[in-house]
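Written out below as structure tokens is the structure these notes cover.
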Amino acid sequence: KEDFKSAALVISHAGAGSIMEALRAKRPLVTVVNSSLMGNHQLETAVAFEKLKCLVLVESPDKLFDAVKEVDVEALEPYPEPDLTGFNACIAGLTGVHPCAG
């Protein structure tokens, strides 16, 4: 995690866990899709985050060098902080216990 915090730019495969780790660390992210995995699910995940302007999507390793040269980190949007208000209210309603209560 320390590597993420100090990185000027993160280059990663497009796995959901890797994407979330970089975005939670608030680092600019370039993802490379491994299209041979389970129905190309990495592409679906990366496209969803690309639409939010949270990352740069590279569809194949041979395009990575050019993508990194051209990446505009200022154009990337930070991943929004989660709003757990509705979730917490649902849990409290079902259990009678507020999830954030000490």
Side-chain angles (χ1 to χ4, degrees):
K1 294 186 180 198
E2 290 302 315
D3 291 337
F4 277 114
K5 291 179 183 177
S6 64
L9 177 69
V10 174
I11 300 170
S12 175
H13 74 118
S18 298
I19 289 172
M20 291 308 303
E21 192 169 0
L23 294 180
R24 282 190 195 119
K26 301 189 183 315
R27 300 292 87 198
L29 177 61
V30 175
T31 60
V32 182
V33 172
N34 182 343
S35 59
S36 66
L37 295 176
M38 295 189 299
N40 208 8
H41 71 281
Q42 284 191 358
L43 180 61
E44 292 178 30
T45 302
V47 165
F49 283 100
E50 183 184 46
K51 286 179 181 176
L52 295 172
K53 299 181 182 173
C54 292
L55 57 76
V56 173
L57 167 62
V58 180
E59 292 192 34
S60 65
D62 61 319
K63 297 177 181 176
L64 178 60
F65 183 77
D66 289 335
V68 169
K69 282 192 328 185
E70 297 172 10
V71 68
D72 178 6
V73 296
E74 299 297 322
L76 295 175
E77 298 287 334
Y79 186 70
E81 294 293 326
D83 178 1
L84 300 177
T85 306
F87 175 78
N88 289 342
C90 180
I91 295 298
L94 292 171
T95 66
V97 177
H98 193 280
C100 295

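For this chain, numbers begin at 1 and follow the sequence in order.
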Electrostatic pair E81-K26, nearest N-O below 4.0 angstrom | yes
Find the distance between CD (E77) and CG (L23) and round it off to the nearest 0.5 Å.
-> 12.0 Å
To the nearest 0.5 Å, how far apart are CG in L52 and CG in L76?
-> 11.5 Å
Is any side-chain N of the basic residue among K69 and D66 closer than 4.0 Å to the acidic one's carboxylate O?
-> yes
Least distance between heavy atoms, P28 atom then A8 atom = CG-O, 3.2 Å
So do the side chains of V33 and T45 get within less than 4.5 Å of each other, counting heavy atoms only?
-> no
Rounded to the nearest 0.5 Å, what's the gap from CD on E44 to CD on Q42? Could you check?
-> 11.0 Å
With no hydrogens and no angle check, is any side-chain donor or acceptor of R27 less than 3.5 Å from a backbone partner on A7?
-> yes
Path from L57 to V30 over hydrophobic side-chain contacts below 4.5 Å = no
Consider only side-chain heavy atoms of I, L, V, M, F, W and Y, link residues closer than 4.5 Å, and tell whether V10 and F49 are in one cluster.
-> yes
Note: V71 and L9 closest approach over all heavy atoms is CG1-CD2, 4.3 Å
Do L43 and M20 share a hydrophobic cluster, counting only Ile, Leu, Val, Met, Phe, Trp and Tyr and linking them when any side-chain heavy atoms are less than 4.5 Å apart?
-> yes
Following the transitive rule for hydrophobic clusters with a side-chain heavy-atom cut-off under 4.5 Å over Ile, Leu, Val, Met, Phe, Trp and Tyr, establish whether I19 and V47 coincide in one cluster.
-> yes
Between V58 and A67, the two heavy atoms sitting closest are CG2-CB, 3.4 Å
Rounded distance [0.5 Å steps], CG in L64 versus CD in E59 = 13.0 Å
Got E50 and L55 here, is their nearest side-chain heavy-atom distance under 4.5 Å?
-> yes
Treat each ILVMFWY residue as a node, draw an edge where side-chain heavy atoms are under 4.5 Å apart, and state whether I11 and V56 are in one component.
-> yes
